[in-house]
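Input: one structure, supplied below.
Along the sequence shown, residues carry numbers from 1.
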Amino acid sequence: MKREKTVKCGRADILIKWIMFTAAITGMALISSFYPIQGNVPLIVIPCILVLLLAKPVFFERLKLTTLLVMRIVVVFAAMKLFNPQVYVDFIMLALIINILEATFTDLLRYKKYFNAISGFALAIGVITLRGVWQWDAPFGDYYLTEGVIPAVTIFYIIAYTIWNWIFVTNEFSDSVALMHVGFLLAPIIGSICTWELGAFGGFGMWLLLRANSLAIGGWMQIGAKDWFEREYHSPRFEAFVNWTKKRNVQIVAMLINVGLIIASIVITMMHGGIQFEFAPFFL
């Protein structure tokens with residue numbers, strides 16, 4: 001009886017820590033999104049630099065965090081209007097494709113996870129259904145939105161990306177880190193819902209920006225306190241759930257859902273004017 005009580009307390013302890021972590025990165029991602037200078041610099045840029053200098057990450061971690069850091073520094077220049085901010089947004093869309101393909105080839109070549117790799121290739125193609133626009137006339141803040149031709153396209157893409165990325169994470173990291181990444185992936189969705197009242201200046205159009213910020217924030221936290229997260233976020237029940245998601249039938253279902261959502265997004269886009277894109281001039 002006493003042992004059972006201890007186990008329950010342990011589960012509650014993990015849940016509370018996870019909620020606090022998710023709330024923290026959601027709040028910081030929102031602040032950094034609206035304020036790419038005042039919020040982004042102290043919450044992302046400076047901590048990333050400190051972690052790279054002091055934590056001694058492995059090569060892959062250093063490469064990933066450095067890439068995220070560079071993008072967060074460049075958005076500062078965009079917000080300062082040193083060049084046309086729309087150029088930054090256009091580049092972000094290309095960076096999204098590259099980021100997805102990087103993970104997809106890792107799934108394909110290193111882990112032989114063919115079903116999730118198919119989802120990844122579909123997501124990379126699906127980026128063409130999204131269009132990023134810098135918000136020049138936003139009521140406050142200095143940021144960009146990324147949306148499909150109608151809200152359904154944006155939501156379909158978010159769902160497909162979230163499923164695909166979490167399965168990738170379970171292949172790449174331990175169950176403890178996979179639990180962290182549930183917070184990573186929920187943070188931009190929660191943040192999008194929190195900004196719903198902004199109408200055309202918020203909602204799920206903020207998802208990609210919030211995803212980039214929460215990934216960078218979670219990245220320096222994960223690397224800087226790696227051992228703590230591995231120890232404190234371990235849950236036998238969640239480990240069993242992760243193992244279940246790795247089953248062949250589960251991964252096939254996830255692939256079919258993802259591919260179906262991307263096909264639906266492309267069809268809807270074609271029905272509403274097709275793919276539209278033009279490169280913005282570098283200077284204003």
Test item: Trp196 side-chain N/O and Gly202 main-chain N/O as donor-acceptor pair under 3.5 Å: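 Side chain of Trp196 to backbone of Gly202: no pair is present.
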Sub-6.0 Å ring centroid separation between Phe283 and Phe83: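 Ring-ring flag for Phe283/Phe83: false, centres at least 6.0 Å apart.
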Under 3.5 Å donor-acceptor, Tyr143 side chain and Ala138 backbone: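 Checking the backbone N and O of Ala138 against the side chain of Tyr143, no donor-acceptor pair under 3.5 Å is found.
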Atom pair CG (Leu210) and SG (Cys194), whose distance is rounded to the nearest 0.5 Å: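 Interatomic distance, Leu210 CG to Cys194 SG, rounded to 0.5 Å: 9.5 Å.
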Contact summary for Ala254 and Ser119, nearest pair of heavy atoms: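 Heavy-atom minimum between the residues: O-OG, 4.3 Å.
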Residue Arg231 excluded, over 12 heavy atoms near CZ under 6.0 Å: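 Atom CZ in Arg231 is crowded, with more than 12 foreign heavy atoms closer than 6.0 Å.
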Greater than 12 external heavy atoms within 6.0 Å of Phe279's CZ: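 Result for CZ/Phe279: open.
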Nearest-0.5 Å distance that lies between atom OH in Tyr161 and atom CD1 in Ile100: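 Between Tyr161 OH and Ile100 CD1, I get 6.0 Å after rounding to 0.5 Å.
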Note, Phe105 side chain near Phe121 side chain (heavy atom, < 4.5 Å):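 They are in side-chain contact.
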Side-chain donor or acceptor of Thr22 paired with backbone N/O of Ile19 under 3.5 Å: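 Not at all, since once roles are kept as given, no pair shorter than 3.5 Å links the two residues.
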Note, Val133 side chain near Tyr144 side chain (heavy atom, < 4.5 Å):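 Not touching, per the 4.5 Å side-chain cut-off.
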Flag side-chain contact, heavy atom, 4.5 Å: Tyr35 against Asn40: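 Result no, sub-4.5 Å side-chain heavy-atom pair not found.
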Option among Phe173, Trp166, Tyr233 that satisfies the ring pair (Phe, Tyr, Trp, His ring centres under 6.0 Å) test with His181: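 Checked Phe173, Trp166, Tyr233 against His181; only one passes ring pair (Phe, Tyr, Trp, His ring centres under 6.0 Å): Phe173.
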Shortest non-hydrogen contact from Leu43 toward Pro47: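 The answer is O-CG, 3.5 Å.
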Donor-acceptor under 3.5 Å (Asn84 side chain, Pro281 main chain):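 Yes, the answer is positive, given that a donor and an acceptor are paired below the 3.5 Å cut-off.
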More than 12 heavy atoms of other groups within 6.0 Å of Phe21 CZ: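 Buried by this count: over 12 neighbours within 6.0 Å.
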Side chain proximity check, Trp207 to Thr154, heavy atoms < 4.5 angstrom: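 With C-beta onward as the side chain, the pair stays apart.
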Glu147 vs Phe204 side-chain heavy atoms within contact, under 4.5 Å: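 Counting from C-beta outward, Glu147 and Phe204 never come under 4.5 Å.
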Contact summary for Gly219 and Leu65, nearest pair of heavy atoms: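 Closest approach of Gly219 to Leu65, heavy atoms only: C-CD1, 4.1 Å.
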Distance, nearest 0.5 Å, that separates CZ of Phe156 from OG1 of Thr269: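 Spacing of CZ (Phe156) from OG1 (Thr269) equals 10.5 Å.
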Straight-line distance of Leu209 CG to Thr195 OG1, nearest 0.5 Å: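 One finds 10.0 Å between CG of Leu209 and OG1 of Thr195.
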Note, Ile155 side chain near Ile159 side chain (heavy atom, < 4.5 Å):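 Yes - at least one pair of side-chain heavy atoms lies under 4.5 Å apart.
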Under 3.5 Å: donor-acceptor pair, side chain of Ser32, backbone of Ala29: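 Pair absent, no side-chain N/O of Ser32 close to backbone of Ala29.
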Residues Lys56, Glu61: salt bridge by 4.0 Å N-O rule: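 Glu61 and Lys56: not salt-bridged.
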Co-membership, hydrophobic cluster, residues Met255 and Val253, 4.5 Å side-chain: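 Different hydrophobic clusters.
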Nearest heavy atoms of Ala200 and Leu145, plus distance in Å: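 Scanning both residues, the minimum pair turns out to be O-CD1, 3.1 Å.
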Carboxylate-amine/guanidinium proximity below 4.0 Å for Lys17 and Asp13: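 Salt bridge present between Lys17 and Asp13.
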Over 12 non-hydrogen atoms of neighbours within 6.0 angstrom of CZ in Phe91: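 No - once you tally the heavy atoms of other residues, nucleotides and ligands closer than 6.0 Å, there are 12 at most.
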Heavy-atom check, side chain of Met221 versus side chain of Phe229, under 4.5 Å: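 They are in side-chain contact.
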Between Asn213 and Ser33, a side-chain donor and acceptor under 3.5 Å: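 Indeed, the side chains of Asn213 and Ser33 share at least one donor-acceptor pair under 3.5 Å.
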Euclidean distance, Asn99 CG relative to Leu68 CG, rounded to 0.5 Å: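 Result: 7.5 Å between the selected atoms.
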Distance-only polar pair, side chains of Tyr114 and Gln251, donor-acceptor under 3.5 Å: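 Note: Tyr114 and Gln251 side chains miss the donor-acceptor criterion.
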Glu239-Asn243 side chain donor-acceptor pair, cut-off 3.5 Å: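 Absent: no donor and acceptor within the cut-off.
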Option from Leu208, Leu261, Ile189 for which side chain to side chain contact (heavy atoms under 4.5 Å, CB included) with Ile158 holds: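 Filter result, single survivor: Ile189.
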Test side chain to side chain donor-acceptor pair (under 3.5 Å) applied to Arg211 and Thr146, Thr162, Asn165, the passing residue: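 Going through Thr146, Thr162, Asn165 one by one, the side chain to side chain donor-acceptor pair (under 3.5 Å) with Arg211 is satisfied by Asn165 alone.
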Closest approach of Asp90 to Ala280 (non-hydrogen atoms, all atoms of both residues):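 Heavy atoms only, the tightest pair is OD2-N, 3.4 Å.
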For Asp107, salt bridge (charged side-chain N to carboxylate O under 4.0 Å, His left out) partners two or more places apart: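 Salt bridge (charged side-chain N to carboxylate O under 4.0 Å, His left out) list for Asp107, sorted by chain: empty.
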Distance-only polar pair, side chains of Asp142 and Trp134, donor-acceptor under 3.5 Å: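 Looking only at side-chain atoms, Trp134 and Asp142 do form a donor-acceptor pair, the distance falling under 3.5 Å.
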Short side-chain to backbone donor-acceptor contact, Asn258 and Leu123, under 3.5 Å: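 No.
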In one Ile/Leu/Val/Met/Phe/Trp/Tyr side-chain cluster, 4.5 Å: Val70, Ile223: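 Yes, because Val70 and Ile223 connect within a single hydrophobic cluster, where side-chain heavy atoms sit under 4.5 Å apart.
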Residues Arg237 and Asp175 bridged, charged N to O under 4.0 Å: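 Asp175 and Arg237: not salt-bridged.
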Side-chain (Lys246) to main-chain (Asn171) donor-acceptor, under 3.5 angstrom: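 Looks like no, no N/O pair under 3.5 Å.
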Side chain to side chain, Ile73 and Val45, heavy atoms closer than 4.5 Å: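 Of all side-chain heavy-atom pairs linking Val45 with Ile73, at least one is under 4.5 Å.
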Shortest non-hydrogen contact between Leu130 and Gly148, atoms and distance: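 For Leu130 and Gly148, the tightest heavy-atom pair comes out as CD2-N, 4.0 Å.
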Side-chain donor/acceptor of Trp220 to backbone N/O of Ile49, under 3.5 Å: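 Not a single qualifying donor-acceptor pair exists.
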ILVMFWY cluster, Phe241 and Trp164 together (side-chain gap under 4.5 Å):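 Same cluster: Phe241 reaches Trp164 through Ile, Leu, Val, Met, Phe, Trp or Tyr contacts under 4.5 Å.
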Sole candidate of Thr66, Ile44, Ile92 that passes side chain to side chain contact (heavy atoms under 4.5 Å, CB included) when paired with Met71: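 Testing Met71 for a side chain to side chain contact (heavy atoms under 4.5 Å, CB included) against Thr66, Ile44, Ile92 leaves exactly one candidate, Ile92.
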His234 side-chain N/O to Glu230 backbone N/O, donor-acceptor pair under 3.5 Å: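 Between the backbone of Glu230 and the side chain of His234 there is no qualifying donor-acceptor contact (under 3.5 Å).
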Ser265 and its side chain to side chain contact (heavy atoms under 4.5 Å, CB included) partner, picked from Ile125, Ile128, Thr129: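 Exactly one pass, corresponding to Thr129.
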Side-chain donor-acceptor pair present, Thr106, Glu172, cut-off under 3.5 Å: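 Checked: Thr106/Glu172 side chains show no N/O donor-acceptor pair below 3.5 Å.
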Cluster link Trp228 to Trp18, ILVMFWY, side chain under 4.5 Å: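 Yes.
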Nearest-0.5 Å distance that lies between atom CG in Leu186 and atom OG1 in Thr26: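 Leu186 atom CG to Thr26 atom OG1 measures 8.0 Å (nearest 0.5 Å).
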